[in-house]
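What follows is one structure encoded as structure tokens, with my remarks underneath.
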Amino acid sequence: MCGIIGFVGEEQAAPIILSSLENLEYRGYDSAGIATISDGKICLKKDVGHLEEVQQKHHLDELPGVLGIGHVRWATHGGVTANNAHPHLDCSGNIAVVHNGIIENYRELRSRLKSKHNFISQTDTEVIPHLLEDYLNDGASLEEGVIRVTKQLQGSYAFVAIYSREPGKIVAARQGNSLIVGLADGRKFIASDSLSFLKMTDQAIFVEDGEIVVATKDKVRFFNQDSLELEKSPGKIDWKWDEATKQGYDSFTLKEILEEPETARRALMQDKNLVMDMALGILRARQVVFIGCGTSRYAALLGRYVFSKFGGGFSPVIIASEYPYFSESIDSNTLVMAVSQSGETADILEAVRAAKRKSATIFSIVNRVDSSLARMSNKVLYLNCGPEIGVVATKSFVAQLIIFYLLGFAIGNKLDEGLDKLAAAPSWIAGNHRENGKGLIKLAWKLRKRKDFYYIARGTNFHIAGEAALKLKEIAYVHADGMPAGELKHGSLALIEKGTPVIAICPEDYTFHETLSNVEEAKARGAFVIGVSDRREDVFDKWIKIPKVEEIFYPLVSIVPLQLFAYHSAIARGLDPDKPRNLAKSVTVK
Ligand code: F6R
């Protein structure tokens, strides 16, 4: 889960690579580096820190040459050190490689190579340049070497290699991790994500598993692992590059939360025939199983409720990384509903591959049109929410909920009714932002020293408690528990003391009175109670007002102020909400 980029063109490569890396930084930001080729030599700079820090210290953009590779890292193997930062070199310093993924057999390869090769990092990646070194010393070309290397590697990878003795060429390979080629006149890119080159070209070709790419400034060629050349043609990337910029906001996270009214509008723009078609597929399946991770899983939990309410039956929601332990129950009559913003989450892709091997049908709800999940699915509904760059999922969650509502109404054969009702969603959300904006800033500052938060709710609102707690953990680095309100008295009540913040999501729906009873229990032990409701109650020390909506839609309006609260809590604690420590947006490792 790193970002990789290779560029070959006519102008200086390093400034272009640096600007591409800025758009990949959401994938990893603990170290960064660039290598170029100039005068028959590899020139390399890399270090720990955010890209901007590494740039300030080392002036990455001043590296000479018209070809190069770059990397932003999210550490998996080996700590965050300058030696572990990419690019990695072979012993001679003639080969440089950037890699995203995990080489599972790197220990065996390393122990085989280490008598002849000098390893300077603890990474799994470093085996690649050393393997290449042997093949290239035997007389192989860079592409022949890369093909031979891929036959040695187990695990998942997307990597790009350059070789100082073939200075006009970049060569890349993919197995399990995203890789996309960008094409412009006299300029070619090979990157983890099209966002990295979208400002310069929207013409792209996806690289598939097992393929090898050879790019020069004028031409890109594709090969399979038997060295057979493949015919592939470019397509157009639909996103606009400026959607992936902050557009004047202080952070992507805030921008994306404030975009949610528009997100809701865009999520509603679905092909009705496709929605109905998927609803029929759901009704016909012997069983429907949801899979997702993190925020997408919380959306799926709500999806389960919506499907059950509209007659789609009860469906289990499986955390994607736990899927292997349930896989016996999956067969050709199973419909797997995979939910993912990125469509690149390794746990999800792995689960979907396993489900496909059992001949299950795959429907997915995805944001990234160019994603691996979208391409693996039988049918896809897109979130249409544009790039989500802030590491925490915000607007994509809103879009996921909207799509689950639409599918639910379609299952009940009431799609038009659902569309009519949800047409008001953008104004509910916009009103919510206006109503709570200032109050949430004050609340976040008041509670900025607090180290434990409890989010409680019942029924569908319980999933919002889980998602809201996840947001606070991720960006404010605070312990937060999202739990069913009724469970508090079965143990966690012991942790409530004077001033402990308890956030109760208790709209005036079927859960209202019972949740309030649990709120009273917490209050009696000294809790500072924050009520998220359309009805003010005396027991609330602070009221976060949400609009009165039909019962089923409360989750949609409750999450919005709680995302903002997490955002303001990060700011109040002096943290960067866009780059929470230890996390990265697209978790492309298992
Ligand atoms: C939470 C968050 C993560 C993701 C999870 C799944 O704010 O960002 O928990 O939700 O990694 O990612 P996708 O939806 O891309 O599969």
Side-chain angles (χ1 to χ4, degrees), residues 246-264 295 388-398 426-457 464-465 467-482 499-507 519 527-537 539-547 554-581 583:
K246 284 191 202 156
Q247 297 175 344
Y249 287 92
D250 289 343
S251 68
F252 281 110
T253 309
L254 183 62
K255 171 183 173 252
E256 286 158 9
I257 295 173
L258 296 181
E259 270 172 10
E260 285 170 350
E262 179 60 16
T263 300
T295 294
E388 188 179 63
I389 310 289
V391 165
V392 294
T394 53
K395 64 176 179 174
S396 62
F397 183 68
V398 165
S427 64
W428 300 335
I429 298 171
N432 206 321
H433 286 152
R434 271 196 307 276
E435 182 96 35
N436 291 303
K438 290 209 177 90
L440 290 168
I441 298 176
K442 268 174 96 185
L443 185 65
W445 278 85
K446 179 180 167 70
L447 299 177
R448 74 185 185 285
K449 297 266 159 46
R450 286 282 159 189
K451 295 205 165 65
D452 296 288
F453 284 69
Y454 296 88
Y455 288 75
I456 59 167
I464 297 305
E467 169 58 11
L470 179 64
K471 290 290 88 93
L472 198 69
K473 284 189 269 202
E474 287 177 291
I475 51 174
Y477 310 161
V478 187
H479 163 253
D481 239 348
T500 305
V502 171
I503 301 183
I505 302 153
C506 50
V519 168
F528 178 78
V529 175
I530 299 146
V532 180
S533 184
D534 42 346
R535 181 165 139 181
R536 179 175 221 144
E537 285 295 311
V539 69
F540 299 159
D541 295 295
K542 165 82 190 147
W543 179 36
I544 298 179
K545 188 177 173 195
I546 54 171
Y554 276 120
L556 187 60
V557 294
S558 312
I559 190 58
V560 171
L562 295 175
Q563 291 172 340
L564 268 179
F565 174 66
Y567 168 78
H568 290 305
S569 298
I571 301 295
R573 287 158 200 256
L575 303 170
D576 176 355
D578 282 352
K579 294 190 184 117
R581 69 181 177 208
L583 302 182

Distance check, rounded to the nearest 0.5 Å: Thr500 atom OG1 versus Asp452 atom CG? 7.0 Å
Does any N or O in the side chain of Asp578 come within less than 3.5 Å of the main-chain N or O of Thr253, such that one atom is a donor and the other an acceptor? yes
Is Gln563 reaching over with its side chain to a backbone N or O of Thr394, donor-acceptor style, under 3.5 angstrom? yes
Output the distance between atom OG (Ser569) and atom CG (Leu564), rounded to the nearest 0.5 Å. 10.5 Å
Could you tell me if the side chain of Leu447 sits less than 4.5 Å from the side chain of Ile530, heavy atoms only? yes
Roughly how far, to the nearest 0.5 Å, is NZ of Lys579 from CZ of Phe252? 8.5 Å
With a sphere of 6.0 Å drawn around NZ of Lys545, does it hold more than 12 non-hydrogen atoms of other residues, nucleotides or ligands? no
Test side-chain contact (heavy atoms from CB on, under 4.5 Å) on Tyr554 and Asp534; report intermediate values, then the result. CA-CA 9 Å; Tyr554 276 120; Asp534 42 346; 2.4 Å; yes
Could you tell me the separation between the CD1 atom of Ile546 and the CG atom of Leu556, rounded to the nearest 0.5 Å? 10.5 Å
Rounding to 0.5 Å, atoms CG (Leu583) and CD (Glu474) come to a distance of 6.0 Å
Measure the spacing between NZ of Lys471 and OH of Tyr455 and express it to the nearest 0.5 Å. 10.5 Å
Nearest heavy-atom approach of Cys506 to Ser533 is O-OG, 2.7 Å
Could you check whether any side-chain heavy atom of Phe528 comes within less than 4.5 Å of a side-chain heavy atom of Arg450, counting everything from C-beta outward? no
side-chain contact (heavy atoms from CB on, under 4.5 Å) for Val519 and Ile456? Distances and angles first, verdict last. CA-CA 8 Å; Val519 168; Ile456 59 167; 4.1 Å; yes
Under a 3.5 Å distance rule, please check whether His433 uses its side chain to pair with a backbone N or O of Ile257 as donor and acceptor. yes
Any chance the side chains of Glu388 and Ser396 put a donor and an acceptor closer than 3.5 Å? yes
Closest contact, heavy atoms only, Leu440 versus Pro561: CD1-O, 3.5 Å
Has Glu260 got a side-chain atom pairing as donor or acceptor with Val560's backbone, closer than 3.5 angstrom? no
When every non-hydrogen atom of Asn432 is compared with those of Pro547, the smallest separation belongs to ND2-CD, 3.8 Å
Phe565 vs Phe453 aromatic rings, parallel, tilted or perpendicular, using cut-offs 30° and 60°? tilted
Please check if the side chain of Asp541 supplies one atom and the backbone of Val529 the other of a donor-acceptor pair under 3.5 Å. yes
Shortest non-hydrogen contact from Ala480 toward Leu472: CB-CD2, 4.2 Å
Would you sort out whether Ile464 and Val532 count as a side-chain contact (heavy atoms from CB on, under 4.5 Å), showing the intermediate values? CA-CA 11 Å; Ile464 297 305; Val532 180; over 6 Å; no
Minimum heavy-atom distance between Lys542 and Leu443, given as atom pair plus value: CG-CD1, 3.8 Å
Show, in sequence, the C-alpha distance, side-chain angles and deciding distance for Ile571 and Asp250, and conclude whether the side-chain contact (heavy atoms from CB on, under 4.5 Å) test is met. CA-CA 11 Å; Ile571 301 295; Asp250 289 343; over 6 Å; no
I want to check a possible cation-pi pair here: Arg573 against Tyr477, using under 6.0 Å from ring centre and within 45° of the ring axis as the test. no
Using atom types as modelled and distance alone, determine if a side-chain donor or acceptor of Lys473 lies under 3.5 Å from a backbone N or O of Asp481. no
Minimum heavy-atom separation for Ile475 and Leu575, please, with both atom names. O-CD1, 3.5 Å
